[in-house]
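Shown next, in structure tokens, is the structure this report addresses.
In what follows, chains carry the letters A, B, and so on, assigned in the order in which the sequence lines appear, proteins first and then strands, with residues in each chain numbered from 1. Because the structure is predicted, anything quoted here is derived from the model rather than measured.
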Amino acid sequence: MQPNPLFGCSIRRSTPIVKPAAFAYEAPETVEEALALLERYGEGAKVLAGGQSLVPMMNFRLAQPEVLIDINGLAELDYIRLQDGPEAGRELAIGALTRQRTAELSPLVEEHCPLLAEALGHVAHAAIRNRGTVGGSLVHADPSAEIATVLTTLDGRVTLRGPAGERSLAPGDFLLGYLTTGLAPDELLVEARFPAIRPGARWGFLEFSRRQGDFAIAAVAAMLELDSGGACTAARIGLGGVAPAPVRALAAERALVGRRIDGDAIDEAGRLAQEVCDTEGDYHASEEYKRNLAGVLTRRCLAQALERGREAE
Amino acid sequence: MMESRKTWVGQPVPRKEDLRLLVGRGRFIDDIVLPNLKHAAIVRSPYAHAEIEGIDFSAALEMPGVRGVLTGADVAAWSLPFAVGVPVAPKYYACAVDRARYVGEPVAVVVADDRYLAEDALEAVEVDYTPLPPVMDIEAAIEPGAPQLHPELERNLYSHRHFRYGDWEAACREADRIVKGKFRFSKYASTPIETYGVIASYDPFTESYEVYSNYQGPFVAHALVSLALRVPENRMRWIVPADIGGGFGVKAGVYPYIALLALAARKTGCAVKWIEDRQEHLTAGTTGTDRVTELEAAVKADGTILGLKDRAMDSCGGYIRPPEPGCSYRSIGNHTGAYRIRHLEREVMVVATNKSLTGPNRGYTCPQLYFSLERMVDTVAAELGLDPAEVRFRNLVQPEEFPYKTATGGLYDSGDYPRALRTALERFDYPGRRARQAEARAEGRLVGIGMATVVEPSVTNIAYVGLAKSYADRVKEHPKSGSGEAVMVKMDPLGAVHVIAATNPQGQGHETVLAQVVADELGVHPDDVTVSDVMDTHQRLMSITSGGYSSRFASIGTTAAVTAARQLRSRLLRIAAHLLDAQPDALTLSDGRVAVEGAPERSIEIRHVAGTAHWNQSLIPEEMEVGLFGVGFYNMPTSQPPDEQDRVNSSNTYGCIAEVMAIEIDRETGAIDVLKWVSVHDAGTILNPMLLEGQLRGGIAHGIGGALLEECAYDEDGQILTGSFQDYLVPTAMEIPPVEIVHQVTPSPITALGSKGTGEGSAMSAPATLGNAVADALAPLGVVVDTLPLSPQRIWHWIQEAGG
């Protein structure tokens with residue numbers, strides 16, 4: 001037997017290999033405490049949840065907050081609940097501190113918002129989802145983020161709490177653009193709500209990235225409802241990565257409602273979905289290529305939704 | 001304990017290194033702590049090209065914990081530019097002196113009590129820059145009127161040479177056709193998981209430096225850095241940690257930082273540690289060159305390639321530094337790859353651009369070479385209406401021709417290239433897959449089959465550097481050549497065996513293989529052999545070529561170890577023969593005993609022989625050498641300087657790879673799906689099949705990275721677009737398709753065990769194989785596949801331009 005070289009020892013590195021600028025650190029235990037700290041520090045504070053985007057930005061010194069307010073102790077923000085939603089529907093309320101991996105594996109999410117469960121599987125890698133939170137992704141507001149794309153597609157809500165109490169915002173009022181939200185410096189995102197899937201609805205989610213787990217060059221989420229004759233009664237199509245914030249392809253949706261979704265309908269929806277692109281392109285994808293992907297993925301996502309429906313039948 | 005076997009070489013012996021690595025107890029550069037250790041951060045140029053008008057670091061000196069700041073003025077005063085083997089070498093110092101020539105170029109070093117404080121102080125160093133226009137494109141750089149990087153150069157050319165081997169004009173006259181192509185290879189690197197690191201200190205009393213660094217050798221760099229710091233090599237002690245987290249050639253690029261940190265230590269009077277961060281590495285670490293190759297082939301209608309004419313332009317970045325201009329000369333001996341091509345005309349240009357600096361990168365210039373050569377072979381096949389396999393078989397060096405001397409002076413030691421390709425095609429089911437491809441094409445699907453047959457050179461002969469100068473210039477200097485390695489083996493009084501080497505492993509498992517090799521020679525178990533494979537220039541034997549690069553270990557590291565072990569064995573047997581009253585050649589050595597052959601009762605334990613040699617030398621006759629050690633130094637006799645016709649055997653052992661793959665391209669997205677990939681490798685005798693498998697899989701992954709994902713991309717202002725792992729895309733497990741690896745064994749006649757280096761492997765061939773597969777898939781559209789990486793958007797744009 002070899003002696004266990006770990007026994008009684010600790011592993012140490014001699015040099016810290018992360019190197020953010022100096023910051024103060026607060027670890028509130030309740031939302032109220034967190035809000036008080038936000039009020040006290042204002043713009044100089046950054047909220048630390050999973051840290052999967054903030055910490056790299058701090059190490060690059062792109063973010064140099066005076067104080068980090070670590071909300072990982074706010075157990076009250078870690079929950080997934082099914083509750084009554086607007087218009088007699090049901091909805092999933094997900095606490096902002098809920099880990100992405102927890103939501104991805106949650107039976108409640110799987111049953112009532114399978115589109116979200118599927119999309120979460122595309123968020124980076126499992127190790128990142130183990131730390132990354134649902135609220136953290138929404139607040140970071142990357143244009144290609146999967147959770148924000150689903151929230152936009154389903155027309156969910158976010159709940160913000162501040163000194164004046166709570167307010168609820170629609171995705172379009174919260175996700176304002178590239179890394180920009182409607183969150184005030186003294187507010188905390190506490191919850192996101194996703195409408196539950198309606199019986200018989202079909203859904204699809206596809207994204208294209210250069211490697212598994214990378215930010216999507218383009219992502220498409222779709223939700224379809226068909227009547228017994230196969231005509232589309234409701235359609236939702238949302239795109240991520242092709243505009244400053246996730247965006248609904250409303251013209252494409254309108255083109256589908258009221259008709260059978262055949263190849264022509266899908267092609268037309270794909271063409272119309274390209275119209276929502278509002279991007280300059282970047283190193284990985286030219287504007288033209290992104291527009292192409294928006295169309296291709298929309299078509300394939302709709303086909304996936306229909307195929308899923310057939311499997312379910 | 002494992003059962004003793006007849007031979008340990010060839011067995012999948014588990015790695016001696018793994019336990020300490022798996023539990024996080026490796027001994028890497030960052031694990032080393034010295035007294036009075038301070039930490040450095042580096043001020044880097046934000047401009048691709050700018051005059052440095054002044055540096056004001058007075059505010060930084062006032063900051064807490066700051067010990068000092070080193071600038072180009074200190075570097076120019078205390079050190080010399082690094083020596084470079086080109087006729088006119090622009091000055092390359094350890095940091096920018098008066099002009100910065102690439103984004104990320106070191107401009108100053110801040111030393112502080114910890115890295116945080118050093119990083120804080122960076123922001124307080126004010127550098128006054130006057131931006132200059134940058135030149136980023138290889139072909140633009142040599143145009144008249146392009147911005148000039150160095151006043152000493154003409155047309156931004158660090159090196160410019162013409163070569164003739166055989167008679168290209170005669171080949172053209174004999175040819176039925178001249179086939180032309182132009183290929184662009186992209187700039188990419190290796191991204192080892194451990195970045196560069198240096199700890200340096202200076203002793204003012206002896207005026208000597210001591211450095212620790214995860215360099216891959218000392219190789220020539222120990223001499224280069226000593227020259228630059230103006231000390232003899234014995235006042236530049238250089239220690240390499242026992243563990244290095246990957247090298248791949250790019251760790252050779254750490255040596256300028258060794259000089260830089262040595263000077264920072266001298267300036268501050270502290271021991272100074274610098275661990276490169278990933279952003280620094282991706283911005284200013286070493287990469288391979290981007291290359292533009294214009295190629296013509298003189299061919300017969302049956303596919304015979306009579307001659308090649310090429311014009312190769314390598315971008316070497318803002319400075320040329322050793323071992324460059326190896327980019328243009330290192331693979332000269334195997335320039336014709338696996339083929340019998342006898343007539344060549346070459347124009348070689350090494351070009352200055354405002355990009356980061358270059359050097360070896362897994363396969364050092366062979367990925368570039370084979371991308372253009374193998375794409376050319378397929379272009380020949382396409383233009384002649386022949387099968388690409390047929391064209392290859394027509395031109396491959398035949399097994400009976402070994403040792404085969406190439407037109408450029410390479411001496412291929414052994415191989416069977418046709419068999420490797422036949423095996424690959426059989427395993428691939430080539431006819432069946434061609435039939436299925438035809439069906440897929442009829443359905444409008446973009447299915448392609450690509451192949452490559454390449455020669456894998458290992459154990460660089462440093463002589464190639466001489467080609468940067470003409471023969472007339474070379475004869476004025478001392479000729480250079482060589483590829484040597486030294487290993488010592490000793491036996492202790494109780495019979496324990498210890499191997500002392502300096503092959504600088506970076507994760508390959510040299511400790512394990514050295515134990516296997518020595519165990520076989522001495523009749524002991526590998527577990528009973530300990531290995532200390534750590535470079536320390538004060539304590540290890542070495543040659544100017546020593547180090548872990550160019551896949552040298554499997555060829556020459558093991559040969560030196562065998563040489564050393566046989567010397568020890570011979571001493572051991574002579575003493576044993578005396579004790580047993582027998583002749584040494586009548587003795588056998590196994591299972592820890594020396595026995596008289598055919599008379600097992602006349603035997604003695606090795607430890608008793610060792611004990612006698614150490615404890616009671618009076619028993620041993622005076623004329624017998626009692627020192628129980630062996631020193632093996634082996635220099636490849638095939639390493640010779642270039643001849644008057646510029647022919648040189650630029651490496652020493654030559655393996656081979658034959659690969660075939662099928663892919664399908666998604667017409668709508670440009671994405672590539674690998675359907676099947678067979679990769680046949682011949683690296684001579686297999687030392688440890690498990691380690692070989694690891695090397696081959698790694699080479700494949702790296703080749704996929706270079707072909708599809710990895711690129712050091714710049715915008716037109718010279719800003720790097722791929723400065724983090726978010727944009728510099730290294731393949732992960734998800735991006736690596738299943739690959740069927742097949743081994744072929746053609747032992748090398750010039751190494752002790754017949755083994756050849758193979759650490760670079762498909763990193764050389766995969767860009768060519770994938771390029772050919774993509775070209776074949778897009779052939780119905782008339783797309784010319786000439787550029788890397790084969791990103792989805794590039795392929796999609798090609799398809800759009802072709803009207804597909």
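Using a 4.0 Å cut-off between charged nitrogen and carboxylate oxygen, B:D727 and A:R210 do not count as a salt-bridge pair. By the 4.0 Å N-to-carboxylate-O rule, B:E119 lies close enough to A:K19 to be salt-bridged with it.
Looking at B:F725, only its backbone comes within 4.5 Å of chain A, counting heavy atoms on both sides. Proximity to chain A is absent for every atom of B:L117, based on heavy atoms less than 4.5 angstrom apart. Residue B:E123 touches chain A through its side chain alone, counting heavy-atom pairs closer than 4.5 Å. Contacts between A:Y283 and chain B at a heavy-atom distance below 4.5 Å involve backbone atoms as well as side-chain atoms. At a 4.5 Å heavy-atom cutoff, B:T195 makes no contact with chain A through either its backbone or its side chain.
Between A:R211 and B:V730, the shortest heavy-atom distance links the atoms NH1-O, 2.6 Å.
The environment of CG in A:L62 is crowded: more than 12 heavy-atom neighbours from other residues, nucleotides or ligands sit within 6.0 Å.
In this structure, OH in A:Y289 is found 8.5 Å from NE2 in B:H797, a value given to the nearest 0.5 Å. Atom CZ of B:R794 and atom OG of A:S286 lie 11.5 Å apart (nearest 0.5 Å). Atoms CG and CD, on A:N292 and B:Q800 in that order, are 6.0 Å from each other to the nearest 0.5 Å. Separating the OG atom in B:S724 from the CG atom in A:N59 is a distance of 12.0 Å, to the nearest 0.5 Å. A distance of 10.0 Å separates CG in A:L293 from CD in B:E668, rounded to the nearest 0.5 Å.
Top candidate by heavy-atom pairs under 4.5 Å with chain A, chosen from B:L721, B:L708, B:L709, is B:L709.
Under the 4.5 Å side-chain criterion, counting only non-hydrogen atoms from C-beta, B:D120 is in contact with A:R61.
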